[in-house]
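Let me begin by presenting the structure, written as structure tokens, before commenting on it.
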Amino acid sequence: DFSKVDLLIVGAGFYGATIAERVANELQKNVLLIDRRSHIGGNAYSEFDGETGIEVHRYGAHLFHTPNEVVWTYLNRFTAFTDYKHRVYSTYRDQVYSMPINLGTISQFFNRRLSPDQARALIADHAAEMAGRHPANLEEKAISLIGRPLYEAFIRGYTAKQWQTDPRDLPEHIITRLPVRYTFDNRYFNDKYEGLPVDGYTAIFERMLKHPKIQIALGVDFFSLKSSLPAGLPIVYTGPIDRYFDYSEGELGWRTIDFEKETLNTGDFQGMAVMNYADETIPYTRILEFRHFNPERSYQNEKTVVVREYSRSAKRADEPYYPIDTRQDKEVFLRYRERAEAETNVHFGGRLGTYRYLDMHQAIGAALKAFDSRVVPHFTEGRAIGGEK
Ligand code: FAD
Ligand code: UDP
């Protein structure tokens, strides 16, 4: 019975949950939030492992970070954050280096003490092949940033494993996510705000969605209900955009990950949360050890949970995690954007709905903006919620 539903939201990840929270609290409208999974939280969902008590992020390590004051203030209404600052190491040929590439990595790799200026000069030398040329893909961009030797050690193999795509066919923006530093600063992120939710990720969603005007239906697939919806019911759709149009314009490329979880009889497997593996001969890209995300918790010391990540390109039945976004994908996506314009009662949002590699803070930030620009005008002035380009 949809007669009491003012807005249907498809997907209980950060995008859908943010819109649901805003609509219920700010507009006092009735929201029906559905997800085909058996839980809220989308890919940010985490659970406390029954055997070890350790919080495990089911869909891969989720590190919260943002430069955005508005998003930070908003999310702090639903959780406090620990002072965890993410640091990553990378194993290459049986040596451990700090990641992202910084003065420590460069000095260790070239086996020399280097000042910042010396390191810059060395890297400029190694990047000379790109001088005066505009990088046209991930490989060229990486070489222009760190030179060929470091690219071949730390980026080429890892990227090929992670994307299952030649780095020369990948867009350059992927690599600019990773800073390069001529200091010994080895923080993974540059953002002003960073931390992990004190009570875990799922608690954030429980607090955001606890409202009498928000009804949640789990294990419900939008496409099994689409034909019975009242005409014109406003919808916020955060599933894959190609699926919405029944793949009529072609399939968008996605990468999925197989997570291989293991509980080990040791209090500490690797001494930190994330170890990347740069060698192409090692089939996984990284190992996560979840206890290290929360050093403030008094977990037992007998057991630890580790997860190995194996990346591959997604088929329809797989979870789509990362948009691959090749040139062809961009063209296909543009055709879906054209089609989305005609769906005036559907607003497409989130990572899957906009085919964009959004971090959590960007998904929340985009949802807060869409609430102001699409959802409020719909309910206060009767404007269409969808139909945007
Ligand atoms: P999602 O969380 O994907 O939610 C979409 C929801 O829609 C899903 O729950 C899905 O089940 C549901 N859905 C889809 N189709 C249907 C349908 N037909 N019917 C019903 N429901 C449907 N971000 C960071 O900031 N830091 C990180 O460290 C980080 N690490 C990540 C690691 C991995 C492996 C992945 C995959 C993502 C990571 N992210 C990280 C990104 C983060 O997960 C996203 O920014 C966030 O999940 C986006 O929220 P969303 O609501 O757009 O999408
Ligand atoms: N990357 C790499 N080696 C590393 C870490 C990252 O080559 O040790 C590259 C890889 O192409 C990756 C990109 O940098 O896709 C961005 O890294 P990030 O950690 O942001 O990727 P994510 O964890 O989101 O997959």
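Each ligand, and each atom within it, is numbered from 1 in the order the structure gives. Residues take their numbers from the sequence shown, with the count starting at 1.
In this model, no donor atom of one side chain and acceptor atom of the other lie less than 3.5 Å apart for Asn102 and Arg187. For the residue pair Arg181 / Asn190, a side-chain donor-acceptor distance below 3.5 Å is found, with atom types taken as modelled. Between the side chains of Ser248 and Arg339, a donor-acceptor pair is found at a separation under 3.5 Å.
Considering each of Phe223, Tyr59, Tyr237, Tyr188, the one bringing a non-hydrogen atom nearest atom 34 (C) of ligand 1 is Tyr59. If you check each of Gln362, Glu309, Met360 against atom 24 (C) of ligand 1, the one with the closest non-hydrogen atom is Met360. The closest non-hydrogen atom to atom 45 (O) of ligand 1, taken over Ile19, Leu358, Thr66, comes from Leu358. For atom 17 (O) of ligand 2, the nearest non-hydrogen atom from the set Tyr92, Tyr158, Tyr188, Trp163 comes from Tyr188. When Arg36, Arg243, His62 are ranked by how near their heavy atoms come to atom 43 (O) of ligand 1, first place goes to His62.
Backbone and side-chain nitrogen or oxygen atoms of Phe154 are examined, and one is located within less than 3.5 angstrom of a nitrogen or oxygen of ligand 2. Ligand 1 has no nitrogen or oxygen under 3.5 angstrom from a nitrogen or oxygen of Ile257. Close N/O approach between Tyr357 and ligand 2 is found [any backbone or side-chain N/O within under 3.5 Å]. The shortest N or O to N or O distance between Arg177 and ligand 2 is under 3.5 Å. Considering backbone and side-chain atoms together, Phe14 places an N or O closer than 3.5 Å to an N or O of ligand 1.
Heavy-atom distances between Val220 and ligand 1 reach below 4.0 Å in at least one pair. Heavy atoms of Phe64 stay at 4.0 angstrom or farther from ligand 1. No heavy atom of Arg156 sits closer than 4.0 Å to any atom of ligand 2. Heavy atoms of Tyr357 come nearer than 4.0 angstrom to ligand 1 in no pair at all.
When distances from atom 19 (N) of ligand 1 to the protein are checked, a heavy atom turns up under 4.0 Å.
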For residues 195-209, tabulate all N or O donor-acceptor pairs below 3.5 Å that involve a side-chain atom, not counting sequence neighbours.
unit_1: Asp199; atom_1: OD2; unit_2: Arg207; atom_2: NH2; d: 2.7
unit_1: Tyr201; atom_1: OH; unit_2: His62; atom_2: O; d: 2.6
unit_1: Tyr201; atom_1: OH; unit_2: Phe64; atom_2: N; d: 3.3
unit_1: Thr202; atom_1: OG1; unit_2: Ser46; atom_2: N; d: 3.1
unit_1: Thr202; atom_1: OG1; unit_2: Ser46; atom_2: O; d: 2.5
unit_1: Arg207; atom_1: NH1; unit_2: Phe78; atom_2: O; d: 2.8

Donor-acceptor pairs under 3.5 Å, side chain of residues 281-289 to any protein atom, not counting sequence neighbours: which ones?
unit_1: Thr285; atom_1: OG1; unit_2: Glu309; atom_2: O; d: 3.3
unit_1: Arg286; atom_1: NE; unit_2: Glu309; atom_2: OE1; d: 2.8
unit_1: Arg286; atom_1: NH2; unit_2: Glu309; atom_2: OE1; d: 3.2
unit_1: Glu289; atom_1: OE1; unit_2: Phe269; atom_2: N; d: 3.3
unit_1: Glu289; atom_1: OE1; unit_2: Gln270; atom_2: N; d: 2.8
unit_1: Glu289; atom_1: OE1; unit_2: His292; atom_2: NE2; d: 3.3
unit_1: Glu289; atom_1: OE2; unit_2: Phe269; atom_2: N; d: 2.8
unit_1: Glu289; atom_1: OE2; unit_2: Thr304; atom_2: OG1; d: 2.6

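Nearest non-hydrogen protein atom to atom 25 (O) of ligand 2 is Gln162 NE2, 2.6 Å. What sits closest to atom 46 (C) of ligand 1 on the protein, heavy atoms only, is Arg351 CD, 4.0 Å. Atom 16 (C) of ligand 2 has its closest protein heavy atom at Ile174 O, 3.6 Å. Here the heavy atom of the protein found nearest to atom 9 (O) of ligand 1 is Asp35 OD2, 2.6 Å. The protein heavy atom nearest to atom 28 (O) of ligand 1 is Leu63 N, 2.8 Å. The protein heavy atom nearest to atom 47 (O) of ligand 1 is Asn43 CB, 3.8 Å.
Shown in contact with Gly13 at under 4.0 Å from a heavy atom are these atoms of ligand 1, numbered in order with element: 2 (O), 4 (O), 51 (O). Below 4.0 Å from some heavy atom of Asp221 lie the following atoms of ligand 1, by number and element: 17 (C), 18 (N), 19 (N).
For His65 and Tyr188, the ring centers are positioned 6.0 Å apart or more.
A salt bridge does not link Glu319 with Arg58: every distance from a Lys NZ or Arg NE/NH1/NH2 to an Asp or Glu carboxylate oxygen is 4.0 Å or more.
Atom CD of Glu129 is surrounded by more than 12 heavy atoms from other residues, nucleotides or ligands within 6.0 Å. More than 12 heavy atoms of other residues, nucleotides or ligands shown are found within 6.0 angstrom of NZ on Lys85.
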